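Before any comments, here is the structure.
Naming convention: chains lettered A, B, ... in sequence-line order (proteins, then strands); numbering from 1 in each chain. All values reported here derive from a predicted model rather than from experimental measurement.
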Amino acid sequence: MNAEQIQAWIQAAAILIPAGQATVSTIFALIGQWRGEVLSEEEQNAILEGIKQDATFRQWLALQDAGMGNEPESPVQ
Amino acid sequence: MQRVLYARRVLLSLMVVVLFIVACSVSLKQRAVTTVRTTQATLAAIQDNERAICDPELAKIRPQVPITACVESAVKAGLTTERHQNIAKGLAVAFGLQVKAATALQAWEAGQPPPKELDEMLSTLGSVLKVVQQITPPNSAISKVAADILSVSDQLARLIASLKGESK
């Protein structure tokens, strides 16, 4: 590995560290559920609706990245 | 880089442990919802990390904009535009499955077995991540992350398998 590649991976590490912090936030959210937080049917469906919206937007973004997007307009995130 | 990868592996392992703890204390549907939510969070992390390496400046823009070509520093590190596009194709399939699984869970009624879309989503997700691993540069941060996610998805699949036969 040459100096330029090492520099590139240092930059990649700088990006991955904040992503790790986001993962910690997710873990704490899950621990909240473990501590006896039972979600109602409505709350569960609201979470699922949020997942659908996020996944729909990210699918659109991935298709655009892949050069396969037919819809130029972004769906509401 | 080794420390970052080690920390990421520890965090992902912790997520799996927490998932199993959650699985022991809440309803079957809530377990499934938690599983799909965790899968969504990990897929989003893969997409964000890969895009940030491909083009760090464009990746910072909010709301997010498409990235159709990788910058020189990414190419030098082994992430070419062609690889970026192939990873994006795999992620598009995975996010489509997430939409399908979430829709099926919303329609899941009491007394019914777990929706088959959940099994389908997890098994196809495993296949997608294997493809992502194959098209990422060997021994790179991205391929190691994909390997970690694959390990997590395998364990999630076992969790779903353990749910079979239970009622909601």
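- Proximity to chain A involves both the backbone and the side chain of B/Ala44, based on heavy atoms less than 4.5 angstrom apart.
- Under 3.5 Å, the side chains of B/Gln85 and A/Asp65 contain no donor-acceptor pair of N or O atoms.
- A/Lys52 and B/Gln106 share a donor-acceptor pair across their side chains, judged by distance under 3.5 Å alone.
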Evaluation steps, side chain to side chain contact (heavy atoms under 4.5 Å, CB included), between B/Lys29 and A/Asn45 = CA-CA 10 Å; B/Lys29 181 172 178 180; A/Asn45 285 333; 3.1 Å; yes
B/Val36 and A/Ile51: side chain to side chain contact (heavy atoms under 4.5 Å, CB included), yes or no, with the steps?
-> CA-CA 8 Å; B/Val36 174; A/Ile51 291 169; 4.0 Å; yes
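- In summary, B/Asp48 and A/Arg58 engage in a salt bridge, as defined by a charged side-chain N under 4.0 Å from a carboxylate O.
- Residues B/Trp108 and A/Glu41 share a closest heavy-atom pair of O-OE2, 4.4 Å.
- Put simply, B/Leu91 and B/Val93 are part of the same group of oily side chains (I, L, V, M, F, W, Y) that touch within less than 4.5 Å, one to the next.
- To the nearest 0.5 angstrom, A/Leu48 atom CG is 8.5 Å from B/Thr103 atom OG1.
- Residue B/Pro66 comes nearest to A/Leu61 through the heavy atom pair N-CD1, 3.9 Å, listed as atom of the first residue, atom of the second, then distance.
- Remark: A/Gln44 CD to B/Leu105 CG distance equals 9.0 Å, nearest 0.5 Å.
- Using a 4.5 Å cut-off between heavy atoms, B/Val65 touches chain A through its backbone atoms (N, CA, C, O) alone.
- The two residues A/Ala55 and B/Gln98 make their nearest non-hydrogen contact at CB-CB, 3.9 Å.
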